[in-house]
Amino acid sequence: MITKINDNLNFSEGCEQSGFPSIKQEDWKYTNLSAIRKYTYVTDVPQVMHEEEVLREYCESQDINLVFVNGVFSSKFSNLEKMPEGVKLLTIKDALAQDSSCLQKFEEKCAWPKATPFTSVNKDLAEDGVFIEVNDNAISKTLIHIVHVTSLTEENLLTAPRTCVLLGKSSEANVLETHVCFNDKNIYFSCAQTDIYLQENARLQYIKAVKESLQAFHVGQTRVFQEGNSCFDGFSLSAGGKIVRNDLDAIVNGEGAETIINGLYTAWEDQHVDNHTSVEHKVANCGSHQLYKGVLNDSARAVFNGKIFVRPPAQKTNSYQLNKNLLLGDGCRVDTKPQLEIFADDVKCTHGATIGQLNKDEMFYMQTRGVSQRDAVKMLYRAFVEDVLDMIKNDHVHQKLNSLLQPAFCTKS
Amino acid sequence: MTKKDKDMSKTVEEKLLNEKTIEENTLSSREYKYGFVSDVETDRIAKGLNEDTVRLISEKKQEPEWMLNWRLKAFRHWQTLKEPHWPNFEYGPIDYQAISYYNAPKVKKDGPKSMDEVDPELVKTFDKLGIPLTEQKRLSGVAVDAVFDSVSVGTTHKDELAKVGIIFCSISEAIKNHPDLVKKYLGSVVPYGDNYFAALNAAVFSDGSFCYIPKGVRSPLELSTYFRINAAESGQFERTLIVAEDDSYVSYLEGCTAPMRDENQLHAAVVEIVALDRAEVKYSTVQNWYAGDKDGKGGIYNFVTKRGKCAGVSSKISWTQVEAGAAITWKYPSVILKGDNSIGEFYSVALTNHRMEADTGTKMIHIGKNTSSTIISKGISTDYSNNSYRGMVKILPSADGARNYSQCDSMLVGNNCSANTFPYIEVNNRTATLEHEASTSKINAEQIFYLMSRGLDMEGAISLIINGFCKEVFKELPMEFAVEAVRLLEMKLEGSVG
């Protein structure tokens, strides 16, 4: 099927702002998506994996791997044997075959905000995806690794990966969702969506890593809905892609819930990376913490927009947000907008943003100790990044993200 | 003297912080003290706005042709624009045809030659406001240009300033007497096409102040403009232009009040500042327009465009504002940092109570090398009010070594108000260093407890804490204004905490 963006895609269903986003809209002010429209996309391509070995190495056997090649589930690369007790892990197709109303039931539970242009697109196009349901009191320590890999195709591919995660009361799970491509020449557009629902006392560690081809576009949204005393520990890594946009919206609906959203973005050459986060505190006694760090090289561009809403009943909210940017390239550009909207008085909300370069004194000190300038830059860069990467408790995941970051570290500074 | 007047004069008197008599506490109860109407015979034109109105205003002011043409160009441009509604509040429809654009106190033929000839009723009004126009009673070291409705009624200390070469007069006089200067600088910082209200102002502005500081002169006095809206169904559209030549310095103050009325009145002013090489301009505002009653009825719409341009190297423009009045405040005093090593500063305290709305902040546009800017903003919201900080720091690719520090803190008093922060940071140069921090919290209960255990009452304690919260901004204000600002805040906060 050939799809020319905006000709056939449904951007308007349920949206206030209809049509393809333009920079005139506040949410897209700094991210111009018109490059996406230059291409024609197809949604159905042969499921051929060219970089088979790399992929096998990437999917480690100690994890549960669900691999999607060019948007289609591949049982060849996936291994679902190690499924812990109490965890239901299915492709959405299978889940619908078992219970045709499972998605609908899932959506009814969460009061999501209004649809955005890309949630409509995903809804229209998503044919398959992952459906994870963890039973009450089930604890799953094994990492569930969802891999969306795009391999070289003749035509430009449009995929709409979808993930639904439902955690029962007092349950726990670890999910890593990666969007990767092992060929930097591929042109494709990935419009991903992940919905997460945490019931009382549930705990989820969720990491989304995007390392697309340097010619590819990625627009992803993650929606989180939290009930009382639940904990969402999220991390977002953007380590490559022509235009990468991540929206992360968390709605805190139960007292005592905790929301952690950390992120790291790196961009070089003419890449563009945009992170939008929003945390909405609807009830009292909740906390949210956000730390986003970014490193830019060459003439890359980064955008950060973090919103914290504190609704009138949400007294005793403790909310914190920090965005730090390191500029290394001559032509790079950062637009950041940390935003607070507070309607309750007994709260503690802070946000901050910094933009700067490597500290000259630190560089000088290291050079007096015999470290070459090149190495000094690398070490300081590394230290800047490590600070936020260390927020990931799981060493195994930490390593994986590090490997995805290699190309970023290797760029000249 | 009426009871109100007595009360008025009391606020002007010096008194120690937090030392209130019982009588005062019962009297003040957050009433707006400047809400009286003066009975002054006025020359006003009919309501409505069209090209003829613009021509009529220009004619009344006996303006030269170029000025009229500029106004007409602005008016035609305004007609093509749409009223903006993007801020974080909603405002009712403004009927631009229901406003009278020119209200001047009637004067005897040629206008007053000296302050002695000014209508005594007017002098009395300004005296009531604590602004003495008669020179012998002047506040030490402040020259005042008083603007009443549409026109400037008098400027004090002209001679003293003229001795050092400073021109300080109403803008209408400047258009007549110094056309070259006005022609050169008017609209150079805020062109008429800048925004909807700037265009409207350019078309119908009736008066304002003009100030020119020649090369190497440090103004011996602080200059001040006092704006008073008196007439009903009118708006105030004044324009202030300050030009500081190389190596000069001036400190400029602005104050404003209006009577209590149930209708919303529009105040759409424009302030332009040009600072040339090594010049320094300090502009302070204590804004106390009528804010409407506690149900949000009436009050002034304060939609103002203020912008300074650091055109020369090492120049400095500093904005300090205390926003305590107006039903809606919507303004962003900005600095364009064009000259290398230039400095921009913005210090602001915005206090909202009842149902006031404030969407204020600043823009710092860094163009020159090694430019630096500081933003300190303090917002306090009480009752049902809504207080937003909206700021932009933009570093253009040419601004090597630019530096910005921003801090915006909000304090919430009560459970029905809101505080928002919308900082836009756009960096296009890798050598720039920026820091932005913001916090929102309520008054610390421990601090209140401590102060109360030391014998202060609740209100005294809160007032002291808020004073401390705003200290960084108040210390930037000239002495007299700082005292006034502290009072104003105290007055506004009275009874709002329980």
Side-chain angles (χ1 to χ4, degrees), chain A residues 24 26 29-30 296-360 413, chain B residues 86 88 366 379-397 400-445 496-497:
Chain A
K24 289 207 168 143
E26 187 69 23
K29 190 170 180 225
Y30 299 114
L296 300 189
N297 235 313
D298 306 325
S299 54
R301 251 190 98 168
V303 180
F304 177 78
N305 185 328
K307 290 182 196 155
I308 298 173
F309 294 100
V310 179
R311 301 293 175 207
Q315 297 290 2
K316 309 272 180 205
T317 294
N318 188 356
S319 195
Y320 167 84
Q321 181 190 70
L322 183 62
N323 173 232
K324 288 184 148 194
N325 295 281
L326 182 62
L327 307 188
L328 298 174
D330 283 327
C332 51
R333 170 170 180 185
V334 178
D335 298 296
T336 169
K337 187 181 163 210
Q339 186 178 330
L340 295 174
E341 290 193 44
I342 293 160
F343 299 88
D345 68 335
D346 193 3
V347 299
K348 210 168 107 187
C349 296
T350 54
H351 72 199
T354 64
I355 296 163
Q357 310 82 48
L358 291 176
N359 188 325
K360 281 201 187 97
S413 334
Chain B
W86 51 261
N88 196 24
H366 292 253
I380 303 151
S381 18
T382 68
D383 300 334
Y384 289 87
S385 65
N386 184 5
N387 202 331
S388 309
Y389 166 84
R390 188 188 301 273
M392 177 191 263
V393 178
K394 191 170 189 158
I395 315 280
L396 292 171
D400 288 342
R403 186 83 179 80
N404 165 268
Y405 173 75
S406 314
Q407 187 191 344
C408 32
D409 296 328
S410 311
M411 194 177 267
L412 292 155
V413 184
N415 209 353
N416 298 306
C417 49
S418 68
N420 311 304
T421 344
F422 308 95
Y424 292 76
I425 302 167
E426 303 181 11
V427 178
N428 280 312
N429 186 310
R430 78 171 184 116
T431 58
T433 309
L434 278 96
E435 288 151 28
H436 170 96
E437 52 182 333
S439 71
T440 304
S441 56
K442 70 182 277 184
I443 293 186
N444 191 325
S496 64
V497 247

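Letters go in sequence order (proteins before strands), and every chain restarts at 1.
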B:Ile425, B:Asn415, B:Leu412, B:Asn404: which one forms the most heavy-atom pairs within less than 4.5 Å of chain A? B:Ile425
Interface check, chain B: of A:Asp345, A:Thr350, A:Leu322, most non-hydrogen pairs under 4.5 Å belong to A:Asp345
Check A:Ile342 against B:Asn420 and note the closest heavy-atom contact, atom names and distance. N-OD1, 3.3 Å
Tell me, out of B:Ala419, B:Ala445, B:Cys417, who's got the most heavy-atom pairs with chain A below 4.5 Å. B:Ala419
What is the distance from atom CG of A:Leu327 to atom CG of B:Leu434, rounded to the nearest 0.5 Å? 9.0 Å
Would you indicate whether the side-chain heavy atoms of B:His436 and A:His351 approach each other to under 4.5 Å? yes
When you measure from the side chain of A:Gln357 to the backbone N and O of B:Arg430, does any donor-acceptor pair fall under 3.5 Å? yes
Taking atom CZ of A:Phe343 as the centre, report whether more than 12 heavy atoms of other residues, nucleotides or ligands fall under 6.0 Å from it. yes
Quick one: what part of A:Lys307 sits under 4.5 Å from any heavy atom of chain B, side chain, backbone, both or neither? neither
Selection from A:Ala344, A:Gly356, A:Cys349 maximising heavy-atom pairs under 4.5 Å formed with chain B: A:Cys349
With a 4.5 Å cut-off on side-chain heavy atoms, are B:Tyr424 and A:Lys29 touching? yes
Below 4.5 Å from any heavy atom of chain B, which atoms of A:Gln315 appear? Answer side chain, backbone, both or neither. side chain
Part of B:Met411 lying under 4.5 Å from any heavy atom of chain A: neither
State whether A:Lys337 and B:Glu426 are salt-bridged, where the test is any N-O pair (Lys NZ or Arg NE/NH1/NH2 against Asp/Glu carboxylate O) under 4.0 Å. no
Comparing A:Thr336, A:Thr354, A:Val347 against chain B, the one with the most heavy-atom pairs below 4.5 Å turns out to be A:Thr336
Which bit of B:Pro423 comes within less than 4.5 Å of chain A, counting heavy atoms only: side chain, backbone, both or neither? both
Chain B heavy atoms under 4.5 Å from A:Tyr30: which part of the residue, side chain, backbone, both or neither? side chain
Non-hydrogen atoms of A:Leu340 and B:Thr440 that approach each other most closely: CD1-OG1, 3.6 Å
Interatomic distance, A:Glu341 atom CD to B:Ser388 atom OG [nearest 0.5 angstrom]: 7.5 Å
Scanning both residues in full, the closest heavy-atom pair of B:Val427 with A:Asp335 reads N-OD1, 4.1 Å
